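Here the structure comes first, spelled out in structure tokens, and everything after it is commentary.
These numbers come from a predicted model, not from an experiment.
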Amino acid sequence: MNQFRSTSKAPGSATERLDAGAAGLERARAILRAGGVVAFPTETVYGLGGDATNPEAVARIFAAKERPRFNPLIAHVADLGAALVQGGFDETAHTLADAFWPGPLTIVVPASETCSISDLARAGLDSVALRVPAHPLAHELLEGFGRPLAAPSANRSGRVSPTHPKHVLADLDGRIDGVIEGGAAEVGLESTIIACLGGSPRLLRPGGIAREDIEDALGKKIEDDLGSASAPRAPGMLPSHYAPRAEVRLNANEIHSGEASLLFGHIQPRGVGEAKAVLNLSERADLVEAAANLFSHLRALDASGAATIAVSPIPGRGLGEAINDRLRRAAADRD
Ligand code: TXA
Ligand code: MG
């Protein structure tokens, strides 16, 4: 009867391609109800969704991603009402939800007594990370499902986040039950994460909503709590979390022969003619466009086979903070 309840997804068996209409979404919900895992579009990146209240479903997410288990996952809900069932919102959390939901902001709050999100999804923490995504397909999926969906980015652990169903399939075909074919994700960066755990709010991860916009909404500066490389505050922010296979060299004003070149703006670094592959995040130096291109360009340059991706300097303002954060992680040494 319930084909997903007792067995994990058999590696190598087919991943269902689900169309973005009503029938595809209903099929996705049936798989999710049965404890399966389905990749779906959000406005940031594709998420690998599983019923957050079902620890077996959550375990399948970790298994499919080969993700270290100590990472708590973001629980996605349809609206603020559903979020309030799961977590305790102080005044700041309410202000942020009013200003940015639905949208690319995740709010970490204390878990409430009525919280149904499994311990595994919370990695044993007494707090919970909640997000109301803005993508219409994500919204429709969640509203009809009626439970929170745990959904990290739909890539294998340590690889770049997918912004298109073909990226999802490149990493996870045969390892997940389904993927909703909903086109390209718009923002291209994961959500910004803010903790509201009493005291002043803290920025745990820069992302799709710029710090300046959050500070405007709150009428004050926010403190960082990014942690250290060895003990990151948001446990998913391990230094190599966003690493492509190639080495990444930052602030490159010169390209060495055989390197792939990731440009920003119109400045051509010396030696770019010798590059193995060249892509530009944004010729017109637009940070929003650059964010949308970041993961797919890294992926494409990685696929060129170059041993190193040399990245041109990128300004730190607005979404540039999150882009540079991702690139620094991609450049970090891995072991
Ligand atoms: O844009 C996004 O946020 C995407 C899309 C799919 O929605 N999702 C995403 O989820 O990036 P995930 O699970 O890859 O990111 C979870 C991040 C990790 O850095 C994790 O450590 C942090 O959220 N996190 C989750 N729960 C937390 C908690 N209770 N306290 C602190 N950090 C938490
Ligand atoms: Mg990820």
Side-chain angles (χ1 to χ4, degrees), residues 1-43 45-65 67 69 71-87 102 106 111-112 114-123 128-155 162 165 168-169 172-182:
M1 189 48 238
N2 191 332
Q3 59 178 310
F4 301 106
R5 181 56 65 189
S6 56
T7 54
S8 297
K9 175 80 188 147
S13 61
T15 294
E16 287 183 47
R17 275 71 164 164
L18 304 166
D19 71 75
L25 289 181
E26 200 35 55
R27 175 70 193 135
R29 289 187 205 104
I31 294 171
L32 291 166
R33 265 181 229 116
V37 294
V38 175
F40 65 96
T42 81
E43 71 278 24
V45 299
Y46 269 68
L48 179 57
D51 180 350
T53 71
N54 175 350
E56 287 176 43
V58 176
R60 281 184 196 116
I61 295 175
F62 289 121
K65 285 181 62 83
R67 185 177 185 171
R69 297 208 168 205
N71 290 352
L73 304 179
I74 295 171
H76 298 68
V77 290
D79 50 39
L80 177 61
L84 293 175
V85 174
Q86 304 297 337
T106 294
S112 69
T114 50
C115 181
S116 58
I117 294 163
S118 65
D119 217 40
L120 188 56
R122 285 154 50 192
V128 62
L130 295 165
R131 172 160 118 77
V132 177
H135 196 292
L137 287 171
H139 181 77
E140 219 181 313
L141 180 70
L142 284 163
E143 199 161 51
F145 187 56
R147 281 182 225 159
L149 281 180
S153 54
N155 53 276
V168 174
L169 288 166
L172 297 174
D173 197 7
R175 302 181 59 84
I176 62 176
D177 299 293
V179 56
I180 298 173
E181 302 203 289

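Within the structure, the salt bridge (Lys or Arg N to Asp or Glu O under 4.0 Å) test picks out the following pairs touching residues 128-139 (sequence neighbours left out): Glu43-Arg131. Among residue pairs with one or both ends in residues 76-85, none qualify as salt bridge (Lys or Arg N to Asp or Glu O under 4.0 Å); sequence neighbours excluded.
Listed here is the closest heavy atom pair of Gly50 and Val37: CA-CG1, 4.4 Å. Among all heavy-atom pairs drawn from Tyr46 and Pro165, the shortest one is OH-CD, 3.2 Å. Nearest heavy atom pair, residue Leu137 against residue Ala20, reads CD2-O, 3.3 Å. Here the closest non-hydrogen pair linking Thr114 and Gln86 is O-OE1, 4.4 Å. Nearest heavy-atom pair, Leu48 versus Ala64, reported as atom, atom and distance to 0.1 Å: CD2-CB, 4.0 Å. When all heavy atoms of Ala63 and Arg175 are compared, the closest pair comes out as O-NH2, 3.0 Å.
A side-chain contact (heavy atoms from CB on, under 4.5 Å) with Val168 is found for one member of Ile176, Asn155, Val45 and no other, namely Ile176. For the side-chain contact (heavy atoms from CB on, under 4.5 Å) with Val179, the qualifying choice from Leu172, Leu169, Asp173 is Leu169, the only one to do so. Each of Leu73, Asn54, Val58, Thr53 was checked for a side-chain contact (heavy atoms from CB on, under 4.5 Å) with Ser118, and the lone residue meeting it is Val58.
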Could you go through residues 140-152 and list every donor-acceptor pair under 3.5 Å that involves a side-chain atom there, pairing it with any protein atom two or more places apart or in another chain?
residue	atom	partner	partner atom	Å
Arg147	NH1	Asp51	OD2	2.5

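Rounding to the nearest 0.5 Å gives a distance of 5.5 Å between CG of Asp177 and CD1 of Ile31. Here CD1 of Ile180 is found 14.0 Å from CZ of Arg17. Values are rounded to the nearest 0.5 Å.
The closest side-chain heavy-atom distance from Asp119 to Pro55 is not below 4.5 Å. Proximity of His139 to Pro133: side-chain heavy atoms (C-beta onward) are nowhere separated by under 4.5 Å.
Judged by distance alone, the side chain of Arg60 and the main-chain N or O of Gly35 form a donor-acceptor pair under 3.5 Å.
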